[in-house]
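Naming: A, B, ... by sequence-line order, numbering from 1 per chain. Predicted, not measured: the structure shown is a model, and the values here were computed from it.
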Protein chains: 2
Amino acid sequence: MPPSLSDRLTESILGIIRDGGLGPGDAIPSARELAKRFAITTPTVREALRKLEATGAVEFRHGSGTYVGPTINNVVLANPHRPPITKDSVLQLISARLVLEPAVAAQSAVARRPENLERLEAAVTNALIPPGGPAFALNFHVELAAASGNPLLQEVLASLLKVRVREQQQIRALYDNRERDHEEHQAIVEAVRAQDAAEAERLTREHLDNIRRAIESAPEWS
Amino acid sequence: MPPSLSDRLTESILGIIRDGGLGPGDAIPSARELAKRFAITTPTVREALRKLEATGAVEFRHGSGTYVGPTINNVVLANPHRPPITKDSVLQLISARLVLEPAVAAQSAVARRPENLERLEAAVTNALIPPGGPAFALNFHVELAAASGNPLLQEVLASLLKVRVREQQQIRALYDNRERDHEEHQAIVEAVRAQDAAEAERLTREHLDNIRRAIESAPEWS
DNA sequence: GTCACAAACTGACTAAATCACTTAGCCTTT
DNA sequence: AAAGGCTAAGTGATTTAGTCAGTTTGTGAC
């Protein structure tokens with residue numbers, strides 16, 4: 001079963017991006033230009049571009065052009081077509097985080113660099129006055145993973161947390177305790193600053209367990 | 001900025017799948033049928049379907065139809081357009097696994113059910129004679145995550161390991177030690193069977209560290 | 001009953017347009 | 001000279017109408 005024209009075209013376009021040394025935000029040739037270059041028609045080009053769009057490899061801007069997307073170099077992705085959220089799925093998510101994040105926090109405590117501390121501080125203090133939407137509080141957990149020095153860990157956490165963005169307000173209603181959130185985040189940062197891996201791990205587990213309990217005791221929804 | 005027709009169409013098709021109670025393998029209406037139903041043209045339908053194809057939500061079978069894909073209910077995905085592998089990216093991956101998998105193994109040790117042990121045994125014994133391609137040895141690690149009882153953890157590990165499938169043979173050349181692999185897997189299973197979380201965690205860390213060292217000492221490639 | 005074949009479905013792709021939006025430059029106005 | 005509005009070129013978004021290429025299924029000959 002030979003790969004379809006659309007599949008080969010997708011790879012070719014990725015080749016153009018990579019061989020051209022293009023990064024997120026850079027423009028790629030227009031659909032008409034690509035159609036001419038590969039001697040095919042624009043609907044076919046668009047199909048290939050749509051596939052790349054679905055994974056965040058490219059972005060369309062109507063009237064302007066097509067640009068390299070932010071997640072083109074990602075290894076794992078949050079499913080953009082993920083199923084609707086339920087209370088069970090939220091509990092499943094927090095349980096998974098409860099397994100993964102303490103280990104990440106421990107790693108971040110030993111590997112963190114000065115600039116990570118700065119960014120963590122910023123994420124903690126900005127959480128009380130969210131500038132970029134309701135999901136900003138989750139930024140802390142992504143920054144914590146970033147401090148591990150391993151971009152892959154950051155990707156995994158960011159992908160997991162992106163799930164919650166859409167229904168963040170709904171969750172806020174169940175667990176809106178910014179003060180405690182803030183205090184616990186602050187404590188984790190201090191442990192990371194002190195490079196105390198065991199303490200960072202313990203505090204992170206405690207923090208997530210608090211959230212889990214709050215969600216668990218909340219009434220069913222959706 | 002209102003969502004484009006293509007975006008709304010994608011959601012509508014997902015609605016058809018979910019409202020129809022369709023699961024992986026089930027057929028969805030043909031492109032022409034969908035075009036008629038939404039009063040649009042087939043190229044537009046195909047664009048929407050291509051986006052769903054990119055995330056594994058649907059699959060095309062030329063001449064037969066379009067079917068619900070295996071990962072439609074996934075929360076995280078392996079990027080199908082991920083960048084080419086390098087030695088550095090492999091080390092980054094193994095480092096991330098070194099952080100995550102020991103914690104998963106500990107959880108699996110306490111949460112495992114009898115059927116998980118069966119599947120783990122099967123994965124260990126089949127690893128020596130791979131039936132379904134060269135990537136079969138990685139199955140063990142996915143099964144280990146499955147034993148945690150949290151499908152999300154299984155998804156995360158499966159997505160991380162899918163990265164390696166494509167270049168698995170290349171990696172095999174660097175670290176082809178099936179005997180030791182097999183022994184170490186076996187030891188982890190025993191710890192999981194005994195529900196010894198600390199031991200499962202330790203053995204998993206040791207196992208991955210062995211792999212890491214083998215890759216690290218290998219010559220540069222690609 | 002079994003096999004070959006032909007319709008009828010399906011996806012894959014083409015061709016040539018038109019509409020909608022953005023951008024940049026020019027030109028007017030101040 | 002600076003500010004604002006207009007216009008034209010370039011781009012994505014979508015349509016229309018068809019052809020080609022696989023797959024499935026039922027029918028009829030054997």
Side-chain angles (χ1 to χ4, degrees), chain A residues 1-14 16-17 20 22-72 80-81, chain B residues 1-14 16-17 20 22-72 80-81:
Chain A
M1 207 184 313
S4 75
L5 172 55
S6 174
D7 286 334
R8 280 178 287 136
L9 186 52
T10 309
E11 291 301 320
S12 298
I13 293 172
L14 279 173
I16 289 177
I17 294 172
L22 302 179
D26 293 337
I28 68 175
S30 75
R32 287 174 178 84
E33 163 70 20
L34 290 170
K36 230 189 303 179
R37 196 181 303 189
F38 293 107
I40 55 180
T41 55
T42 55
T44 308
V45 171
R46 289 180 62 78
E47 280 184 30
L49 288 173
R50 283 288 187 204
K51 294 212 301 190
L52 293 173
E53 185 201 19
T55 64
V58 306
E59 271 179 359
F60 293 104
R61 291 184 214 160
H62 189 169
S64 173
T66 309
Y67 299 82
V68 177
T71 64
I72 185 168
H81 309 306
Chain B
M1 206 184 312
S4 76
L5 172 55
S6 175
D7 286 334
R8 280 178 288 136
L9 185 53
T10 311
E11 291 300 321
S12 299
I13 293 172
L14 279 173
I16 289 177
I17 293 173
L22 302 180
D26 293 337
I28 68 175
S30 76
R32 287 175 176 86
E33 162 72 20
L34 289 171
K36 230 188 304 181
R37 195 182 304 188
F38 292 108
I40 54 179
T41 55
T42 54
T44 308
V45 172
R46 288 180 62 77
E47 278 185 31
L49 288 173
R50 283 290 185 200
K51 293 212 305 190
L52 294 173
E53 185 201 19
T55 64
V58 305
E59 272 179 358
F60 292 104
R61 292 183 215 161
H62 189 169
S64 172
T66 309
Y67 300 81
V68 177
T71 64
I72 186 168
H81 309 305

Please tell me which of the listed nucleotides, [options], lies nearest to the side chain of [X]?
{"X": "B:Pro43", "options": "D:dA13, D:dA17, C:dA12", "result": "D:dA17"}
{"X": "A:Ile40", "options": "C:dT14, C:dC13, D:dG12", "result": "C:dT14"}
{"X": "A:Thr44", "options": "D:dT14, C:dC13, D:dA13", "result": "C:dC13"}

Subject >> Donor/acceptor link under 3.5 angstrom from B:His62 side chain onto base of C:dA12 >> reply: no
Looking at the base of D:dG12, is there any donor atom on it, or on the side chain of A:Arg32, that sits under 3.5 Å from an acceptor on the other one? yes
Under-4.0 Å side-chain N/O to phosphate OP1/OP2 contact, [X] with [N]:
{"X": "B:Ser64", "N": "D:dT23", "value": "no"}
{"X": "B:Arg61", "N": "D:dG22", "value": "no"}
{"X": "B:Ser30", "N": "C:dT10", "value": "yes"}
{"X": "B:Thr66", "N": "C:dG11", "value": "yes"}
{"X": "B:Arg8", "N": "D:dT14", "value": "no"}

- Task: Look only at the side chain of B:Thr10 and the backbone of B:Leu52, and say whether a donor-acceptor pair between them is shorter than 3.5 Å.
- Result: no
Query raised in the report: Is any NZ, NE, NH1 or NH2 atom of the basic residue among A:Arg50 and A:Glu47 found under 4.0 Å from an Asp or Glu carboxylate oxygen of the other?
Result: no
In whole Å, I'd like the distance from the [atom1] atom of [X] to the [atom2] atom of [N].
{"X": "B:Glu47", "N": "D:dA13", "atom1": "CD", "atom2": "P", "result": "7 Å"}
{"X": "A:Leu5", "N": "C:dA15", "atom1": "CG", "atom2": "P", "result": "12 Å"}
{"X": "A:Asp7", "N": "C:dA12", "atom1": "CG", "atom2": "P", "result": "9 Å"}

When A:Thr41 and A:Tyr67 are each assigned the nearest nucleotide of DNA chain C, the 5'-most assignment goes to A:Thr41
Ranking B:Pro29 and A:Gly63 by the position along DNA chain C of their nearest nucleotide, the one closer to 5' is B:Pro29
Correct closest heavy-atom pair for B:Val68 and B:Gly23 would be CB-O, 3.2 Å
In this structure, CD1 of B:Ile72 is separated from NE2 of A:His81 (nearest 0.5 Å) by 9.5 Å
